[in-house]
Each structure stands twice: as C-alpha cells, then as structure tokens.
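What follows is a short report on a single structure.
Just so we're on the same page: letters track the sequence lines, and every chain starts at 1. Only a predicted model underlies this, so the values are computations on that prediction, with no experimental measurement involved.
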Amino acid sequence: MKRNSKQPLEIVIPIKMKDFKAGGDGAARIKQVLQKIGFPPDIIRRVAIAAYEAEMNIVINSLGGEIKATVSTDVITIIARDYGPGIPDIELAMQEGYSTAPREIQEMGFGAGMGLPNIRRCADRMTVESKQGQGTTITIEIYNR
Amino acid sequence: MKLSEIARQLDLQVLAGEKELEREVSSGYCSDLLSDFMANGPARCLWLTLQTHINVVAVALLVGAAGVVITGGRQVAPEVCRKAEAEGLPLLATKYCTYEVAGQLYNLLQGEK
C-alpha cells in the first residue's frame with residue numbers, strides 16, 4: 001500500500017434520521033476512499049459492513065448524527081455518534097436478534113437485530129457508550145494487518 | 001457464468017444496468033434481511049430478494065454483488081431503477097418466487113463446474 005503521508009485521513013458524514021434514501025451513502029464513500037488508497041478487499045469489506053450497520057442504526061433508531069472515519073495505514077477507526085435517544089440496555093442491544101425497530105422498518109428488511117452483532121464481528125475493537133436522552137457513540141477499530 | 005446468460009436462461013427482465021450484464025456471477029444468495037446479506041453475501045454473487053426499496057442498491061454495491069434479482073413479480077419503483085442504473089448495478093426481475101429462481105440458478109452454476 002502507498003503511504004502518502006503520516007497524517008491520517010478523516011471523512012465526516014452527517015446522517016439524518018429516517019433518511020433511508022441516503023442510507024448507505026456514507027459507508028459507500030468510506031469504501032471508495034479505502035479502495036482508492038488500496039487497502040486489501042477483506043479489510044474494506046469489514047469496514048464497509050461496520051460503517052453501513054452503524055450508519056443505518058443512526059438512520060433507523062436515532063434523531064440523527066454523524067459517522068467519522070479516520071484512516072491511517074495501520075488502523076481504520078469509525079466513530080458513529082448520534083443525538084439520542086440513547087440505548088437503555090446495551091448488553092441486550094448487543095444480543096443477536098434483539099431489535100426495537102417498528103414493524104414497518106422490519107418489513108423493509110431492517111431491524112433484524114443483527115446490526116451491532118455484525119459490527120462486533122467485523123471489528124478488532126468496539127465500544128458502545130450511551131446515555132439516555134443524550135445519545136450513543138460507537139467506536140470501531142479495524143486493524144490493517 | 002455471465003449474468004447475460006443467466007438472465008436469458010432464467011427469463012429475467014432487465015430493469016437497470018444492462019451495460020454491466022457481461023459480468024461473471026460467482027454464486028447466488030437468497031435473503032430479505034439486509035444485514036444478513038451484508039454479513040454473508042459473497043462478492044460477485046447474484047442476490048435474490050423480494051425487497052424492492054432503494055437501500056437494496058446501496059447494500060448490493062457495498063457487498064460487491066454482480067447483480068440483484070427481485071423475485072415474486074414485485075413492482076420496483078422507477079427511482080430504484082434510476083439509482084441502480086446510475087451506479088451501474090444490474091437490477092433484474094422475475095415473476096417466479098425465490099425458491100424457483102434459486103433452484104434454477106443453482107443448477108446453472110453447478111452445471112458449469
């Protein structure tokens with residue numbers, strides 16, 4: 001891989017609540033950047049899945065937020081931050097199959113309770129911080145090795 | 001096998017991405033859950049689904065699917081076709097249900113080996 005500079009590259013994408021039309025655009029942009037730089041396909045895939053799930057979580061469940069990807073040669077960090085309402089029970093939310101998405105969202109093929117578990121599988125490190133009424137921040141690290 | 005050949009043999013209607021039909025299809029995957037396809041759909045596969053909304057295009061592109069087949073004769077909105085066309089993603093449709101299309105596709109791809 002080319003190392004153009006030691007400065008990590010930062011991509012910030014604002015995400016609007018319930019904006020299904022733009023849902024996935026953020027992950028697509030991050031994927032494009034990684035492809036241009038020349039990261040291995042399996043790393044790009046893991047980042048794309050994690051970014052997509054984090055992005056759709058904001059679209060479906062929050063009042064809006066942003067996705068920030070920081071890209072360096074060794075590690076790709078994605079920070080997904082939203083403005084609320086927060087996750088009451090993070091342990092429960094991390095369980096495969098658990099979802100609070102309403103039926104009409106589930107009928108679209110979302111809200112299967114796979115989002116956070118998918119992120120966990122793709123990430124080398126993942127933290128979820130949430131405060132009710134304030135919002136949720138998910139930090140995902142994927143190492144390039 | 002090329003997507004164009006699959007489309008011909010399975011009598012699939014091409015809704016978008018006609019210019020990209022010479023792609024090779026590696027395998028198939030059936031799912032109506034976007035997260036499942038995202039996690040488990042192989043690159044260059046043909047994705048069979050009955051979901052028709054615009055996010056299907058985004059997910060197919062992220063996974064690197066060869067194309068999407070909307071099964072069960074479901075109507076696809078023009079904006080979804082336009083998005084697929086703009087992104088160069090083959091979007092196909094059939095009146096047959098996922099089970100029938102998957103069975104035929106499986107036979108076609110296995111027959112190649």
*Which atom names give the shortest non-hydrogen contact between B/Ser35 and A/Glu53, and what distance separates them?*
OG-OE2, 2.7 Å
*B/Glu24 CD: over 12 foreign heavy atoms closer than 6.0 Å*: yes
*Checking heavy atoms, do the side chain of A/Lys21, its backbone, both or neither come under 4.5 Å from chain B?*
both
*Under a 4.5 Å heavy-atom cutoff, which of B/Ala43, B/Gly41, B/Ala58 has the most pairs with chain A?*
B/Gly41
_B/Glu18 atom CD, over 12 foreign heavy atoms within 6.0 Å_ = no
_Proximity breakdown for B/Leu33 and chain A, heavy-atom pairs closer than 4.5 Å_ = both
_Cluster overlap A/Ile76 with B/Leu62, hydrophobic side-chain contacts below 4.5 Å_ = yes
*Please look at B/Val63 and chain A and tell me whether the side chain, the backbone, both or neither of the residue comes under 4.5 angstrom of a heavy atom of that chain.*
both
*Pick whichever of A/Met108, A/Gln106, A/Met114, A/Lys31 has the most heavy-atom pairs under 4.5 Å with chain B.*
A/Met108
*Is the number of heavy atoms from other residues, nucleotides or ligands under 6.0 Å of A/Glu91 CD greater than 12?*
no
_Donor-acceptor contact below 3.5 Å, side chain A/Asn118 vs main chain B/Met38_ = no
*Determine whether A/Ile79 and A/Ile87 fall in the same hydrophobic cluster, where Ile, Leu, Val, Met, Phe, Trp and Tyr are linked whenever their side-chain heavy atoms lie under 4.5 Å apart.*
no
*State whether the number of non-hydrogen atoms from other residues, nucleotides or ligands found under 6.0 Å of B/Arg23 atom CZ is greater than 12.*
yes
*Evaluate the criterion side-chain contact (heavy atoms from CB on, under 4.5 Å) for residue pair B/Asn55 and A/Tyr52; output intermediate values, then yes/no.*
CA-CA 11 Å; B/Asn55 239 260; A/Tyr52 176 79; 2.7 Å; yes
